[in-house]
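Numbers restart at 1 for each chain; the letters A, B, ... are given by sequence-line order, proteins then strands.
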Number of protein chains: 2
Amino acid sequence: MSTIRDVARVAGVSIATVSRVFNNHTLVNPETAGRVLEVASQLEYWPNGAAQSLTTRRTHTLGVMLPELFGEFYSEVIRGIDRQSRLHEYQILLSSSHSNGEEVLIAGRAMLGRIDGLIMMAPDEASIETVERVRRRVPVVLLNPRIEVEGCCSVAFENFSGARAAVAHLIGLGHRDIAMICGPEGNVDAEERLRGFRRALTDAGLNPDEAMVLPGDFRESTGYEAGAAILCRRPRPTAVFAANDGMAVGLLAALRAAGRRVPRDIAVVGFDDIAISAYLNPPLTTVSVDACGLGQRAVDLMMGAMEAGAAGGSLRQLLPALLTVRASCGADSAGSGFLEEAAGGAEPARRGRK
Amino acid sequence: MSTIRDVARVAGVSIATVSRVFNNHTLVNPETAGRVLEVASQLEYWPNGAAQSLTTRRTHTLGVMLPELFGEFYSEVIRGIDRQSRLHEYQILLSSSHSNGEEVLIAGRAMLGRIDGLIMMAPDEASIETVERVRRRVPVVLLNPRIEVEGCCSVAFENFSGARAAVAHLIGLGHRDIAMICGPEGNVDAEERLRGFRRALTDAGLNPDEAMVLPGDFRESTGYEAGAAILCRRPRPTAVFAANDGMAVGLLAALRAAGRRVPRDIAVVGFDDIAISAYLNPPLTTVSVDACGLGQRAVDLMMGAMEAGAAGGSLRQLLPALLTVRASCGADSAGSGFLEEAAGGAEPARRGRK
DNA sequence: TCCAAGTATGAAACCGTTTACATTGCGAGC
DNA sequence: GCTCGCAATGTAAACGGTTTCATACTTGGA
């Protein structure tokens, strides 16, 4: 593996000149530059990243910490981050699936000195210490933060208002007994969606019944289980709001297995609008969020924060979470559960994907 | 930001001692070690990663290059890699969505010197140059490689035999006119699955009809479009093999929209067995692959290769792709399309997820 | 009493870059 | 013919660690 010294020796110049050639400094004779490049390619020389980071104090790398990697939502967030950082010629150092604050701290330490900034989704309190620690060295951008941290930018979805709109929609359709399948405990998104659910009920003068709030963990299987539980509840709910689409899929399967028709017997609304939602039977009414866009926006904020240096303010951005009405809530269908618009031959309505 | 020198000065020792304390060398007086750690935590000292990499020539980082990040399959692969590398205390440097060989090369260069090994899914020929180049410096593990590269380990799914088994199953059920929806051009997985499809037909003495091979790109929308096309084909196919589950979902929606029943009118088989497949209506017969396991296995191979150093052989591993029969192919259902086993109250059969 | 072996620590070289500063050579202006 | 300024390049000091080798101090056995 050849170093800058090898190139310098063979090309008959000093290492400073080689460095200048590779960094596009103008004050080098074109002829010399040509020779250096020639030798470099011959020797397959490529600057050592670690050495560069050491002197320049820039790594051209962004740290990304997510609580979990399971499911389409997170993968879309990463996709957005990846795409946008490539644009700015940044690499991404990924770390996820931390079950507790201790692990987050360790992961954070391991990243220190290898990243120019950290994009972090920290749905639980335990991660705050890590955020504070990292923040003293490099800018941090938070995704859907539970608590805003002084000096950190953040991007979040309007989880609360999205959920509230979804449930309000159900109420508008005449539903009064509405159940909810929650996300994992301690997850901010999940909590905000639950809060939106409750608020929509009280807004309408209804009394939130805790027996109507079922546990879940964002996976299909818990949606399925909740479906069985819902059918035993008295009064039996006429509508269900699932905290994400994955659980809605499980729920639909459970209802079908029990011979119930959606939306005729029970209306269903999900959250996230993952790719398949439009293709379900019936097509799922859900709250659309642009997970990929969340990632992109985070990178943009990061670029701004890095530019600003320590003076970087704490910009807060909110991304919309908009209700997308399809058939599963009963609003645009007579209750057959069949794809109305598609019957005409067109593709089902779906949100635009960038 | 404090350095090793700051700690040494405050603790009244040399930098060598501080380094020894942090690297758990035994030959340091416990009392001294305690003082050093005390000072270090006070000063919030943490070793600089770049400097460490420079001297030790180890980065404790694995590069991961994927062609794409879209869809559950890739996200599961990353999840597997992430989990297993955490186990070995490695970080992962992620890069994806390269549209051509040039971009792959650039990404590869950017990683050089920052990684101890590279896990790469290189579905097209253009990436081979990058593989060769990187391989001269650090071990490379290939995922589902098109061509085996001398000196590289690889892990792959039995795409070919999985597809062949799926189609053979359809033939066994009496289907003769079977269509296939392909994956993106240039994608090895897609090509292997197509090859398996053709082989199953010829195995059964059937003549593969090119008009039955429809284009697709692994996304739901192309499955939907293919559905419309299939209904116009003469002879009309009685079964369809989709190269992945996402397209199968789109196909199911298209068939439903056209009033066809699955599996009674048309049987459908997918590939991948993503989380929702068991919960579809009807539950999707598909070929199960453990994408997460693929990632894990790749990391294990990498650890072996790094251990072995330059002497590392070229281990080849094949992971099974097994047919999981559910209702959509008509084999375990009278054709109602309803969830048989779940009607009894149990959760639908699904592959085990680790 | 002396030496060998061991333990704890320090000094300094090195890893591969970037960059501030020094040096050289040369043409222009006086 | 000098000096000045500039272009092109070289020298050497960082950057923040690890590690080899040397050194000082104990300790124990002959």
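- Distance, A:I15 CD1 to C:dA20 P: 15 Å, rounded to whole Å.
- Taking atom CG on A:N29 and atom C1' on C:dT24, their separation rounds to 15 Å, with Å as the unit.
- Here the side chains of B:Y90 and B:M306 are in contact, with some heavy-atom distance below 4.5 Å.
- B:S53 comes within 4.0 angstrom of nothing in the nucleic acid, heavy atoms only.
- The phosphate of C:dT18 (OP1 or OP2) has a side-chain N or O of A:Q52 nearer than 4.0 angstrom.
- For the pair A:R114 CZ and D:dG16 C1', the computed distance is 13 Å after rounding to whole Å.
- Sequence order on DNA chain D of the closest nucleotides to B:A16 and B:A50 puts B:A50 first from the 5' end.
- The side chain of B:T55 places no N or O atom within less than 4.0 Å of a non-bridging phosphate oxygen (OP1 or OP2) of D:dG16.
- Taking every side-chain heavy atom of B:Y45 into account, D:dG17 is the closest of D:dG17, C:dT9, C:dT17.
- More than 12 heavy atoms of other residues, nucleotides or ligands shown are found within 6.0 angstrom of CD on A:E148.
- Ion pairing between a basic and an acidic side chain is recognised when a charged N comes within 4.0 Å of a carboxylate O; A:E38 and A:R35 show no such pairing.
- Using a 4.0 Å heavy-atom distance criterion, B:S19 is classed as a base contact.
- For B:L43 and D:dG17, the CG to P distance is 12 Å, given to the nearest whole Å.
- Remark: B:S14 is not in phosphate contact with C:dT9, judged by side-chain N or O atoms under 4.0 Å from OP1 or OP2.
- Listed nucleotides: D:dT18, D:dG16, C:dT17. Nearest to the side chain of A:L54: D:dG16.
- For the pair B:N48 CG and D:dT18 P, the interatomic distance rounds to 10 Å; values are reported in whole Å.
- Rounded to whole angstrom, the span from the CD1 atom of A:I4 across to the C1' atom of C:dT18 amounts to 8 Å.
- The side chain of B:T17 contributes an N or O atom lying less than 4.0 Å from OP1 or OP2 of C:dG10.
- Residue A:N23 places at least one side-chain N or O closer than 4.0 Å to OP1 or OP2 of C:dT18.
- At least one side-chain heavy atom of A:L294 sits less than 4.5 Å from a side-chain heavy atom of A:N144.
- Dashed line: the shortest gap from a side-chain N or O of A:R57 to OP1 or OP2 of D:dG16 is under 4.0 Å.
- Using a 4.0 Å heavy-atom criterion, one finds that B:V18 contacts no nucleic acid atom at all.
- The side chain of B:T32 places an N or O atom within less than 4.0 Å of a non-bridging phosphate oxygen (OP1 or OP2) of C:dT9.
- Counting to the nearest Å, the C1' atom of C:dG16 and the CZ atom of A:R5 are 6 Å from each other.
- Under the 4.0 Å criterion applied to side-chain N and carboxylate O atoms, B:R9 and B:D6 are assigned as salt-bridge partners.
- Note on A:F22: nothing from the nucleic acid sits closer than 4.0 angstrom, heavy atoms only.
- Here C:dA22 presents its C1' atom at 12 Å from CZ of A:R20, a figure rounded to the nearest Å.
- Surrounding CD of A:E185 are at most 12 heavy atoms belonging to other residues, nucleotides or ligands under 6.0 Å away.
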